[in-house]
Amino acid sequence: MEDTFVLAGTTFSSRLIIGTGKYRSNDEMKAAHTASGAEMVTVAVNRVPLDRSSESFLDHLDPKMRILPNTAGCYDADHAIRTARLAREALETDWLKLEVIGDPVTLFPDNEQTLEAAKVLVKEGFIVLPYFTDDLIMAKKLLDAGCAAVMPLAAPIGSGMGVQNPANLRIMREQLPDATIIVDAGVGVPSDAAIAMELGADAILMNTAIAESPDPAAMARAMKLGVEAGRLAYRAGRMPKRLYASASSPIQGAIRP
């Protein structure tokens, strides 16, 4: 049952997007990336030597993976816009994960500043994938601004708490049936990934859950399977919930005492 993932005209076989931070070594990162089957990897622009003057994890990425620069560490629209422009020049890509953080403790995004930056960057030809709180109205505004997808959080970045507001994601899927929804931040274990996909997410971006595992490669493969299982379940359709029991075996024609 072929089920490819199309984003901004590019087709992906994997619905898992991974990151590059927090790994204990480049070899560990490479092994996890391979095990994940992911075809896109996000890179924090503010933490790499974009002039390639010194070795960095960029030198250890699979060249077949699409690099998705992100504006992590930006706290206002202007900073995010400047960072995006720098990334496009250095990494030769129009793709961008847009992050504008509003609070240094929770790392919750500033939705208004994100929208402001998105409007500018879309006009400049960027393929913008904005990270924001799981807010339906903001999702609509970001899509109206021309964003290629929306990336609502499941829980605070790096928390591993899983999907905290499943109703919000379900409503977003139902109200935006044609939008590309990528759940970003908060996934901790494969069952979290499966739940997000069962709610109708098109893909999931994660980093900490894999990188901080004692065995990142094994966790990456587990996440791959969790994403695939959740997606297959969503496509298959769940049974209805019932208040009372319903016998698994039919009783018509059964032998009675």
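Note that this is a predicted model, so its numbers are computed, not measured.
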Open item on the list: As a quick check of understanding, evaluate side chain to side chain contact (heavy atoms under 4.5 Å, CB included) for M65 and E39, giving each step before the final call.
Closed with: CA-CA 5 Å; M65 298 183 76; E39 298 164 301; 5.8 Å; no
Open item on the list: Would the distance check show the side chain of D192 and the main-chain N or O of V189 forming a donor-acceptor pair, the cut-off being under 3.5 Å?
Closed with: yes
- [ ] Examine distances only and state if a side-chain atom of D215 and a backbone atom of A218 form a donor-acceptor pair shorter than 3.5 Å.
- [x] yes
Task: SB check D202 R173 (cutoff 4.0 Å) - done: yes
Task: Residues which pass side-chain hydrogen bond (donor to acceptor under 3.5 Å, both in side chains) with D135, listed by chain and number, not counting sequence neighbours - done: none
Open item on the list: Test of understanding: with side-chain hydrogen bond (donor to acceptor under 3.5 Å, both in side chains), list the residues that count as partners of S36, not counting sequence neighbours.
Closed with: none
Open item on the list: For I101 versus Y75, what's the shortest heavy-atom pair and its separation?
Closed with: O-CD2, 3.2 Å
Open item on the list: Before you tell me yes or no, could you show the steps for L121 and I81 under side chain to side chain contact (heavy atoms under 4.5 Å, CB included), namely the whole-Å CA-CA distance, both residues' side-chain angles and the distance that decides it to 0.1 Å?
Closed with: CA-CA 7 Å; L121 294 169; I81 292 167; 4.2 Å; yes
Open item on the list: Test of understanding: with side-chain hydrogen bond (donor to acceptor under 3.5 Å, both in side chains), list the residues that count as partners of T34, not counting sequence neighbours.
Closed with: none
- [ ] Name the orientation class of the two ring planes belonging to F12 and F5 (parallel below 30°, tilted from 30 to 60°, perpendicular beyond 60°).
- [x] tilted
Open item on the list: Quick check against the 3.5 Å criterion: does R85 have a side-chain atom that pairs as donor or acceptor with the backbone of A80?
Closed with: no
- [ ] Indicate yes or no: does R88 engage E92 in a salt bridge with an N to O separation below 4.0 Å.
- [x] no
Task: Salt-bridge present (E28, K30; N to O < 4.0 Å) - done: no
TODO: Could you tell me whether the side chain of T11 and the main chain of V6 form a donor-acceptor pair under 3.5 Å?
DONE: no
Open item on the list: Which heavy atom of P109 sits nearest to which heavy atom of L153, and what is that distance?
Closed with: CD-CD2, 3.8 Å
Open item on the list: Could you check whether any side-chain heavy atom of Y23 comes within less than 4.5 Å of a side-chain heavy atom of I210, counting everything from C-beta outward?
Closed with: yes
Open item on the list: Give me the atom names and distance for the closest heavy-atom approach of Y234 to M197.
Closed with: CB-O, 3.5 Å
Task: Closest approach of G188 to A209 (non-hydrogen atoms, all atoms of both residues) - done: O-CB, 3.5 Å
Task: Polar side-chain atom of H33 near backbone of G19 as donor-acceptor pair, under 3.5 Å - done: yes
TODO: Could you pull out all residues at least two apart from D78 that satisfy side-chain contact (heavy atoms from CB on, under 4.5 Å)?
DONE: D76, R82
Open item on the list: Less than 3.5 Å apart, any donor N or O on the side chain of N111 or T133 sitting next to an acceptor on the other?
Closed with: yes
Task: Donor-acceptor under 3.5 Å (D184 side chain, M206 main chain) - done: no
Task: Test side-chain contact (heavy atoms from CB on, under 4.5 Å) applied to P69 and T42, D94, V43, L91, the passing residue - done: L91
- [ ] Name all residues meeting the side-chain hydrogen bond (donor to acceptor under 3.5 Å, both in side chains) criterion together with K123; count only those two or more places apart in sequence or in a different chain, and write none if there are none.
- [x] none
Open item on the list: Which heavy atom of M219 sits nearest to which heavy atom of P190, and what is that distance?
Closed with: SD-CD, 3.9 Å
Open item on the list: Nearest 0.5 Å, please: how far is CD1 in I67 from CG in L61?
Closed with: 5.5 Å
Open item on the list: Test of understanding: with side-chain contact (heavy atoms from CB on, under 4.5 Å), list the residues that count as partners of T208, not counting sequence neighbours.
Closed with: K22, E212
Task: T114 side-chain N/O to D110 backbone N/O, donor-acceptor pair under 3.5 Å - done: yes
TODO: Using the side-chain contact (heavy atoms from CB on, under 4.5 Å) rule, pick out the option among D134, L199, L176, L136 that qualifies with I171.
DONE: L136
- [ ] Could you pull out the closest heavy-atom pair between M161 and P156, with the gap in Å?
- [x] CE-CD, 3.5 Å
